Amino acid sequence: MTPEQNKTAEKMTSVKAAWDKAPAGPKKDTALKHYQAAEKANTAKNDAETNKELDAAKHALS
């Protein structure tokens, strides 16, 4: 894995942990949609899109 891929993997883990701890509600639902889009982008090896969706998920939880 490249350093960029490692950062993305760490970010996914971090966002998933934050999502797991978040209380149920519309913010969590929105964050889940972004997280799932990030997983799909990550599978397609699109780091830019993955990071964009992870940032959106993080923002939705805040």
Side-chain angles (χ1 to χ4, degrees):
M1 286 181 114
T2 67
E4 184 65 30
Q5 289 171 323
N6 285 337
K7 271 195 219 171
T8 301
E10 288 172 16
K11 196 172 188 180
M12 287 192 78
T13 302
S14 169
V15 170
K16 178 71 167 99
W19 182 85
D20 286 339
K21 292 178 186 172
K27 286 183 176 185
K28 188 170 183 172
D29 295 342
T30 300
L32 177 61
K33 289 177 186 168
H34 287 294
Y35 184 79
Q36 288 171 333
E39 286 181 315
K40 191 174 180 181
N42 192 45
T43 300
K45 303 209 183 317
N46 185 342
D47 284 341
E49 185 68 18
T50 302
N51 283 308
K52 183 181 122 193
E53 291 295 344
L54 290 173
D55 289 341
K58 219 191 278 188
H59 180 72
L61 290 171
S62 60

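Since this is a predicted model, take the numbers as computed values, not measurements.
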Self-check item: Intermediate values then yes/no, salt bridge (Lys or Arg N to Asp or Glu O under 4.0 Å), Lys16 and Asp20
Solution: CA-CA 6 Å; Lys16 178 71 167 99; Asp20 286 339; 2.8 Å; yes

Self-check item: Asp47/Lys7 under salt bridge (Lys or Arg N to Asp or Glu O under 4.0 Å): CA gap, chis, key distance, verdict
Solution: CA-CA 10 Å; Asp47 284 341; Lys7 271 195 219 171; over 6 Å; no

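Checked by atom type and distance alone, the side chain of Lys28 pairs as donor or acceptor with a backbone atom of Ala22 at under 3.5 Å. Although no hydrogens or angles enter the test, the distance criterion places no donor-acceptor pair under 3.5 Å between the side chain of Ser14 and the main chain of Glu10.
Summarising the local packing, NZ of Lys27 is surrounded by 12 or fewer heavy atoms from other residues, nucleotides or ligands at distances under 6.0 Å.
Between the OG1 atom in Thr8 and the CG atom in Asn42 there is a gap of 6.5 Å [rounded to 0.5 Å]. In this structure, CG in Asp29 is found 11.5 Å from NE2 in His34, a value given to the nearest 0.5 Å.
Here the side chains of Lys11 and Asp55 are in contact, with some heavy-atom distance below 4.5 Å. For the pair Glu53/Lys40, no side-chain contact is recorded, criterion being any heavy-atom separation below 4.5 Å from C-beta on. A heavy-atom distance below 4.5 Å is not found between the side chains of Leu54 and Lys58.
The shortest heavy-atom contact between Tyr35 and Met12 is CE1-O, 3.6 Å. Considering every non-hydrogen atom in both Ala31 and Trp19, the closest pair reads CB-CD1, 3.8 Å. Nearest heavy atom pair, residue Ala57 against residue Val15, reads CB-CG1, 3.8 Å.
Connection of Leu32 to Leu61 is established within a shared hydrophobic cluster, with ILVMFWY side chains joined at heavy-atom distances below 4.5 Å, either directly or through further cluster members.
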